[in-house]
Every structure is written in structure tokens, then in C-alpha cells.
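Report on the structure given below.
The sequence lines fix the lettering, A, B, ..., with proteins before strands; numbering per chain opens at 1.
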2 protein chains.
Amino acid sequence: MLAHVVPNAVPKVDFSALAVCRGLGREAATNIMAITSLQKRAAGETIFWEGDPADSVFEVVKGTLRLHKLLPDGRRQVTGFLCAGHLVGLAPEGTWVYTAEAITEVTLCRYRRSAFERLIDTVPGFARRVLTATSHELRVAQDQMLLLGRKTAAERVASFLLLMAEQQGGGDDAESISVPMGRNDIADYLGLTVETVCRTLTQLKRHELIELPTHGRIVIRDHDALEALASGGIGFGL
Amino acid sequence: MLAHVVPNAVPKVDFSALAVCRGLGREAATNIMAITSLQKRAAGETIFWEGDPADSVFEVVKGTLRLHKLLPDGRRQVTGFLCAGHLVGLAPEGTWVYTAEAITEVTLCRYRRSAFERLIDTVPGFARRVLTATSHELRVAQDQMLLLGRKTAAERVASFLLLMAEQQGGGDDAESISVPMGRNDIADYLGLTVETVCRTLTQLKRHELIELPTHGRIVIRDHDALEALASGGIGFGL
DNA sequence: CGCAAACTTGATGTTGCTCAAGCTAGGTGG
DNA sequence: CCACCTAGCTTGAGCAACATCAAGTTTGCG
């Protein structure tokens, strides 16, 4: 309907499929659609920078985003990867507290923050949905704190692979998962270096827990062993 | 020690001073007070365990809580310290995702979750307040991810001291901050060992950035230097 | 005053980082 | 269509930061 399309024309999108709309009535969904605009960004583009004024809320419609924070000397921590259905910018801070970049080509749905906040106050059930989403992010962040503070390199990589597998809602055996982010991104997400991530993946391959068929794809051969490894169980000499 | 107290029987607590009430009208505050119960816990007591069913929301009224997660082999990550005014248990998960323990003697205000959720849906502005609080937790968690993933031991300890100082809303010079948690807790919060925390504190003392007058108290002598250190600036040979 | 728990300090060990060098895949231009 | 070229990936050797192990030392409490 009133959805503004910026900057590239984006073909038919089913607005009622947007995550923010799920479970809401037709009228509420219409309210939301009325304040959206769609954007398409190429892989590698920056959506916003840490420190910039934040007047929008984004929903990822398609593709994958990477969020990160920097130290003055350039050390980087990736705080999360967002795939379709995730919201970013819910915090009522005045400025962004991380930088967001597109890993793949990305389609975003943008809401003006002020309008979004009005919805929170007026649409029944909407606040609960947003609160649930934020709480889930917080829970994930706490799991990541355990990983970063206390897990070994092998445990971190195993945890990451399982997280990716789960996100892609796979069955259990012989999952082939898509890994759109580069080794550098994985390393900065896990608090390791590229080299350590590579070496660990190679080891996992050698032990036949995974396969590395092509760039951007990893096959999980032994889900159970990865789980055991991820939570600090058996070591496999890793 | 499990002093379960009916609200009205505890005259000394000013309910309208509870964090959840701030900014709400008299009627809303009355609604909230009607669903509370007060608890007092001794230092060292566990409030709830990771994995236990979570049917409550707690507000810390007095004292300090410690939240942590465990790996099967006992490695521990402290995910946060909560002092007066903080809420815990907002996530709509069925079970607790961390363990909460009292560091000092603690006074808690307990809300039944179902009643709390009804407030979210019915009291104007309440959902926003809760969402704001949760978003803030998330922001803090992301800062901690940067710390755990990318900062050196000295940077972590400096960051921690500044965080404590800020929480106690001090002025800038010669702050004496209260550090109720033990070295072990600090270590598990920062992803270090007790020994490393001790050594680093000793070094900071040697360089006259801090003083260690008594247990449970630290004096910040050079706030600026600590800030520089915390964000990876100058090294001070640390 | 004595005791246990927490803290501090020292000596040694190991994980993951740094630096350095190939390797591979995918994209580009001839 | 193929050769080249570059960015990203992989592997290796040596090293440093922090962990581990092992004593002391202090503190607070009974």
C-alpha cells in the first residue's frame, strides 16, 4: 500500500509476512505497513555506523546483516548476525551502539522510530511481541558471554556451527548449512583470530565432524559429537 | 532466612519508590503494589537456579545479586551484577536461563509473572518502561561481549572498575567505590582467573591508578588513565 | 586466639596470537 | 574461453599473554 520504495524498486513483497505483523490483526498490520519503506543494499554496504543518530527501526526481510563494535585501535567484536525476520534498532537510545553492514545482498524494511513507538503504545499485543524479541536477543547475548568468557577455541567453533544449523532449522543428520559470512567475521564473532578459526575447522574436518565442500557452505556430519564438544564435553583431542 | 513478608506488614519500604513504579500514576502504582511480596535473603543464598521453572519477576530493592551460567564441567561465567532498582526475569521463557545468588544480604520484591504480564498489557506506558529496561540490559551485554572477546586483562579490569564507579554515580576524582563481590566473582565476570585479576589490580595500584584500602572497597585515583586503559588507549606497560 | 576462606605472589605451562608464506576460487579483461 | 589477479583462505613456526599449580599472607569470624 503506502510502502515507499527506496532506493531501488523492489518487486512484490507480501507485507503481511513481515515478522512484526505476525499474530496481529488485519487493522494493526495495516497500521504497520503504512509506516514502512523498503530498501535494498548490496553486499558489503554499511546500513548505519556506531555513533550515528538512530531514528529508525529495521527489519531484515532477506539476506544477512552483521553487527559489530570497534575499539579505538581497530579490534572488532561482531555482536551478532541477523537473518530474515530479525529487528534491529529497538533500543530507545539516541544513537546506534553498533555498526550494521550487509553480508549478502539485503532487503530491509524501515520504520520511522517515532511511528514505531506509537504502535508500541497503541496496538494491543505489539509491545509484548517486541519485548519478547528483545528478551530473546538478551538471552542469546548471555549465551555468547559464556562462550567468549569461558569456552576454548574448539568449543566456540562447534557452538557457532550448531547455532547456524539451528537458525536454518535443519533436521539432525548430514545438514548442509549456509555460512554466508567470511572467516574473518566468524573469528571476530567468536573472539578468535582467522587463523585459529581455520585451523579448528580443519581439525573438525579431520575428525570427520564436518565437511567443507565449497566456500559459504559447511556440512555437519556428526551433530552429536559437535554438541558434546560445544558444551565442553569430550575433547576429541581438540 | 526465607522471610516471606506480606507487603502491608512491612511498613519501612516505600513502594512508590520501586523502580517499576517510577513515572507511573498513583493508580498504576497501586496495581503493582497489589501483586508484590517482599523477600529478604542472606548473603550467599541462591534465589533461583538455571533450569528451574520461572514464574516470577524480581526487583532488587536493596543489596546486590550475581547472575551466572555454568558449563557442565563447572566453568562459570558471571553474566551480571544487579544492584537496587534492577529487574530480573523479564524474559518470557519458561525456565531461568541463569542462576541468581545474593552477594550481600538482599531485599527483593517479587511479582507473579502472570500478574506482571497483565500489567504490561493494561497499564499505559508500563510496557515501554520494561522494554527500555530490557534494551538497556542488551546494550550492556553487547559491551561485555566486546570486553570478553577483544580486551586484554588490564583493559577488562579497568573497564570493570569504571563500570562500578559509574553505577555508583560518583564524581570524577578520588572516588571510593564499593566492590561487594569477591575476586572470584570479578574473575568469572571478566573471563579471567582470580590470579590474573589480583595481579592486574596490584599493577594498577603500583602505577597509582587505584588504591586498595580495605576488602570490598577500591579507590580510583586516576579516572582518566583508567578510561584510556579501558578502551585500549595507552598501555602503561600493562 | 585460632581457623578457614579469601586474597596475593611466584614459577612454570599451554592455548591461541603473531608473523610469514603458500594456496584457492571467483571475477575480469583480453 | 582462458589466463591472470586479487581477496580470502589455509598452513606453519615461534612467541606472549594468561592459565595452572603451588605456596604464603591477610582477614574476618567464632
Interatomic distance where [atom1] belongs to [X] and [atom2] belongs to [N] [whole Å]:
X: B:Asp185; N: C:dA5; atom1: CG; atom2: C1'; value: 14 Å
X: B:Leu204; N: C:dC7; atom1: CG; atom2: P; value: 17 Å
X: B:Ile218; N: C:dT8; atom1: CD1; atom2: C1'; value: 14 Å
X: A:Asp73; N: C:dC17; atom1: CG; atom2: P; value: 15 Å
X: B:Ile103; N: C:dA6; atom1: CD1; atom2: C1'; value: 15 Å

**Asked** Out of curiosity, B:His68 NE2 to B:Thr99 OG1, how far, rounded to the nearest 0.5 Å?
**Response**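 Going from the NE2 atom of B:His68 to the OG1 atom of B:Thr99 covers 4.0 Å.
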**Message:** Side chains of B:Glu175 and B:His223: any donor to acceptor distance under 3.5 Å?
**Reply:**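 Checked: B:His223/B:Glu175 side chains pair up, N/O donor to acceptor below 3.5 Å.
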**Message:** Could you tell me if A:Ser56 and A:Arg113 have a donor-acceptor pair between their side chains, going purely by distance under 3.5 Å?
**Reply:**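 No donor-acceptor contact under 3.5 Å links the two side chains.
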**Item:** Pairs flagged by salt bridge (charged side-chain N to carboxylate O under 4.0 Å, His left out) wherever residues 194-208 of chain B is involved - sequence neighbours left out
**Value:**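 Residue pairs passing salt bridge (charged side-chain N to carboxylate O under 4.0 Å, His left out), neighbours aside: none found.
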**Message:** So that I can tick it off, tell me whether A:Arg41 and A:Glu45 are bridged by a salt bridge, with the cut-off set at under 4.0 angstrom between side-chain N and carboxylate O.
**Reply:**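 A salt bridge is present here (some side-chain N lies under 4.0 Å from a carboxylate O).
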**Request:** Specify the closest pair of heavy atoms between B:Cys109 and B:Thr36, including all atoms of both residues, with the distance to one decimal.
**Result:**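 Between these two residues, the closest heavy atoms are SG-CB, 3.6 Å.
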**Sequence-aligned protein contact record of nucleotides 3-20 of chain D, with B where the base is within under 4.0 Å of a protein heavy atom and S where only the sugar-phosphate is** = ------SBBBB----SSB
